[in-house]
Amino acid sequence: MIGVLRMSVILLLLSVSLQAYPQYGSSTRVVTRVPVVALRTNMQYDVVLVPNIGIEVGLPMNFTIGADWFGNWIHVEKRNLFWQGYGGYLTLRYYFGKDAAACPFTGHHVGIYGSGLTYDIALGGRGYQAAKFGFGGGVEYGYSLPVHPNLCFDFNIGIGYQGVPVHPNLCFDFNIGIGYQGGEYKTYQPANDGTGHYVWEATYMRHWWGPTKVEISLKWLIGSVPKKGGRR
């Protein structure tokens with residue numbers, strides 16, 4: 001029995017020694033775990049009391065597809081304050097650069113997007129209402145900055161080695177889109193007699209070319225799948 005224990009200790013020490021001092025020319029496969037889904041909220045909308053949420057799903061070759069939705073229904077009749085609207089975006093992105101190679105959903109990204117929205121806004125005076133959805137789209141560029149640097153955990157079980165870098169959980173995503181936004185809208189004067197009636201003034205068609213999307217989003221990376229890297 002004592003001989004068996006001695007042999008086990010010798011084999012364990014030999015195993016640790018082989019891991020600490022690998023032979024020349026040997027290599028190990030590096031395995032990382034990368035996120036597959038990101039949830040996000042545009043903090044600019046949050047500041048002006050417009051609830052919103054977005055989801056971004058990873059695709060092969062550093063592409064992602066995302067959907068964002070926002071909506072609010074603030075109505076103060078006596079003060080003629082209306083802050084209402086809802087809509088969303090569909091976005092296809094491509095991440096590139098060394099940050100994206102290490103962890104998807106981070107680093108530089110470019111993309112194309114489509115949008116749809118409707119609104120009713122009257123902040124104490126003339127009102128602007130788009131009762132029908134207006135549609136648009138364009139191209140975007142942005143950068144997703146991790147809140148904290150990547151961590152690395154080393155697991156050693158005595159018979160092998162595997163390094164597993166862990167992706168950051170939170171990112172700040174800065175993004176701007178330029179394109180077209182169009183749709184029909186009406187101007188009106190809110191009633192001041194408490195009846196809730198509005199005086200219609202005119203109907204217009206909006207054809208806007210320029211910045212149509214600005215985001216400073218907080219993004220939460222969730223889920224992970226193994227990704228094989230090179231040999232080291």
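Keep in mind it's a predicted model, so treat the numbers as computed, not measured.
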Hphob cluster co-occupancy, [X] + [Y], side-chain heavy atoms under 4.5 angstrom:
X    : Y    : value
Y185 : L123 : yes
W220 : I55  : yes
I53  : Y45  : no
L92  : V139 : yes

Answer with yes or no after comparing the ring centroid distance for [X] and [Y] against a 6.0 Å cut-off, counting only values under it.
X    : Y    : result
W209 : Y180 : yes
F63  : Y94  : yes
F133 : Y86  : yes

Just checking I121: does its CD1 atom have more than 12 heavy atoms from other residues, nucleotides or ligands closer to it than 6.0 angstrom?
yes
Does atom CH2 (W69) have a neighbourhood of more than 12 heavy atoms from anything else shown, all under 6.0 Å?
yes
Which heavy atom of [X] sits nearest to which heavy atom of [Y], and what is that distance?
X    : Y    : result
A122 : Y188 : CB-OH, 3.8 Å
G107 : D99  : CA-CB, 3.8 Å
W83  : N72  : O-ND2, 2.6 Å
L90  : A67  : CD2-CB, 3.7 Å
L221 : C103 : CD1-SG, 4.2 Å
V214 : N42  : O-ND2, 3.4 Å

Applying the side chain to side chain donor-acceptor pair (under 3.5 Å) test to R40, which of D173, N52, D68 qualifies?
D68
Given Y141, which of H108, R93, H109 fulfils the side chain to side chain donor-acceptor pair (under 3.5 Å) condition?
H108
Lys/Arg cation over aromatic Y113: K213, 6.0 Å, 45° cone
yes
Would you kindly check if the NZ (Lys) or CZ (Arg) of K219 is within the cone defined by 45 degrees around the ring axis of F172 and under 6.0 Å from the six-membered ring centre?
no
Distance-only polar pair, side chains of [X] and [Y], donor-acceptor under 3.5 Å:
X    : Y    : value
Q44  : E215 : no
Q181 : T212 : no
Y128 : D120 : no
N175 : S217 : no
E140 : T91  : no

